[in-house]
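None of these values were measured; they are calculated from a predicted model. Naming: A, B, ... by sequence-line order, numbering from 1 per chain.
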Amino acid sequence: MTRDLSQAQLLRRGFYERSPEIVARALLGKILVHDRRGERLAGRITETEAYLGLGDAASHAFTGLSAFNAVLFGPAGYTDVFLIYGVHYCLNVSCLPDGEPGGVLFRAVDPLEGIATMARLRGLEENASAKSLTGGPGRLSEAFGITRAKHHGIDVTRTDSILRILDDGGRPKRVEVTARIGIRKAADQPLRFVVADKLATVRAR
DNA sequence: GTGAGGATCGTCT
DNA sequence: GACGATCCTCACA
């Protein structure tokens, strides 16, 4: 049941110029699009995490501005891609106006278009589950073919960007808020946002 | 079904 | 020189 994405609206910069926890929640149900070598890969966002910046020990921006985290301090609506554990890439988008650090980590999407390509990039069969395809920050980046070399610092609010986020009116019925995952510092803060029925399937495995 | 451990590299101290 | 916003594989029950 592929929706017609041609009617979907590109999210403008003002959408991202809010606090990360607001943006993280608002991004659920939106559509992440990657124009990759003439093919469109798309997925509906089902899980995000907010990283606040200077007051948040878990955030890369916590220790202050550096070349590594400069995107988080810059204008809202730019991608921040980084390598974790030397193995996986994670995709963020910057929040808050220029000069204020903050970002949202994309943790999972539901694949909509280009599923065969996603499966190939992940080294899986085409009938692989959504969870194994794009259910995790590293998996999501791999399925979309996202790397720091090609996708770091992209403006997702431009119609001619290869990475964009669209709103087709889809909204999650219910959103669960939990503690963030996979971090040690400030791990108790409720800054992870999950589409509720997704959480159920994750719990059930 | 569940848990432990290894891979691997950019960034910071 | 150490560590991390992760994922996969392999034991073991």
Q | Of the listed nucleotides C:dG4, B:dC12, C:dC7, the one nearest the side chain of A:P137 | A | C:dC7

Q) Just checking A:R148: base, sugar-phosphate only, or nothing, at a heavy-atom cut-off of under 4.0 Å? A) sugar-phosphate

Q) Can you tell me how far P of C:dT9 sits from NE2 of A:H88, to the nearest Å? A) 11 Å

Q.
Going by the rule side chain to side chain contact (heavy atoms under 4.5 Å, CB included), which residues pair with A:I115 if we only count those two or more places apart in sequence or in a different chain?
A. A:P111, A:L133

Q) Quick one: side-chain hydrogen bond (donor to acceptor under 3.5 Å, both in side chains) partners of A:R122, sequence neighbours excluded? A) A:E142

Q.
Going by side-chain hydrogen bond (donor to acceptor under 3.5 Å, both in side chains), name the residues that satisfy it together with A:R158, two or more places apart in sequence or in a different chain.
A. A:D160

Q.
Quick check on DNA chain C: between A:E142 and A:I183, whose nearest nucleotide comes earlier from the 5' end?
A. A:I183

Q) Can you tell me how far CD of A:E17 sits from CG of A:D98, rounded to the nearest 0.5 angstrom? A) 9.5 Å

Q: Output all residues satisfying side chain to side chain contact (heavy atoms under 4.5 Å, CB included) with A:R184, sequence neighbours left out; order by chain, then residue number.
A: none

Q: Heavy atoms only: give me the nearest A:F144-A:G43 pair and the separation to one decimal.
A: CZ-N, 3.7 Å

Q: Keeping to residues at least two apart or across chains, list the ring pair (Phe, Tyr, Trp, His ring centres under 6.0 Å) pairs with something in residues 93-114 of chain A.
A: none

(Q) Rounded to whole Å, please give me the gap between OH in A:Y51 and C1' in C:dA5. (A) 4 Å

Q | Length of the line joining A:K185:NZ and C:dG4:C1', which is rounded to integer Å | A | 8 Å

Q) Just one of A:L91, A:L27, A:N92 clears the side-chain contact (heavy atoms from CB on, under 4.5 Å) bar with A:V104, so which one? A) A:L27

Q | Gap between atom CZ of A:R44 and atom CD of A:E113 - 0.5 Å precision | A | 11.0 Å

Q | d(NZ, A:K131; P, C:dT6) in whole Å | A | 13 Å

Q. Which residue pairs pass the ring pair (Phe, Tyr, Trp, His ring centres under 6.0 Å) test with at least one member in residues 69-97 of chain A, sequence neighbours excluded?
A. A:H60-A:F82

Q: Please work out the stems of DNA chain B from pairs that are Watson-Crick or G-U wobble with both distances under 3.5 Å, keeping only runs of three or more consecutive pairs.
A: B:1-7 with C:6-12, B:9-12 with C:1-4

Q: Check the distance between B:dT11's C1' and A:L65's CG and give it to me in whole angstrom.
A: 14 Å

Q: Quick one: list whatever passes side-chain hydrogen bond (donor to acceptor under 3.5 Å, both in side chains) with A:T63, sequence neighbours left out.
A: none

**Q.** Pairing residues for A:D56 by the side-chain hydrogen bond (donor to acceptor under 3.5 Å, both in side chains) criterion, not counting sequence neighbours
**A.** A:R180

Q. Can you check whether A:R122 has a side-chain N or O nearer than 4.0 Å to OP1 or OP2 of C:dC8?
A. yes

Q.
I need the CG-C1' distance between A:L124 and C:dC7, as an integer number of Å.
A. 12 Å

**Q.** Distance in angstrom units between A:Y89 OH and B:dT11 C1', rounded
**A.** 14 Å

Q: Kindly indicate, with the supporting measurements, whether the criterion side chain to side chain contact (heavy atoms under 4.5 Å, CB included) is fulfilled by A:L163 and A:H151.
A: CA-CA 8 Å; A:L163 275 175; A:H151 303 93; 3.9 Å; yes

Q. Atom OH of A:Y85 and atom P of C:dT9: how far apart are they, to the nearest Å?
A. 18 Å

**Q.** Gap between atom CD1 of A:I154 and atom OG1 of A:T79 - 0.5 Å precision
**A.** 5.0 Å

Q: Choose from B:dT13, B:dA7, C:dA5 the nucleotide whose nearest atom is closest to any side-chain atom of A:V87.
A: B:dA7

Q: Go through residues 72-84 of chain A and report each residue with a non-hydrogen atom lying under 4.0 Å from DNA chain C, sorted by number.
A: A:F82, A:I84

When you compare the protein's N or O atoms with those of nucleotides 1-3 of chain C, which come within less than 3.5 Å of each other, and at what distance?
none

Q | Selection: residues 52-60 of chain A, any non-hydrogen atom under 4.0 Å of DNA chain C | A | A:A58, A:H60

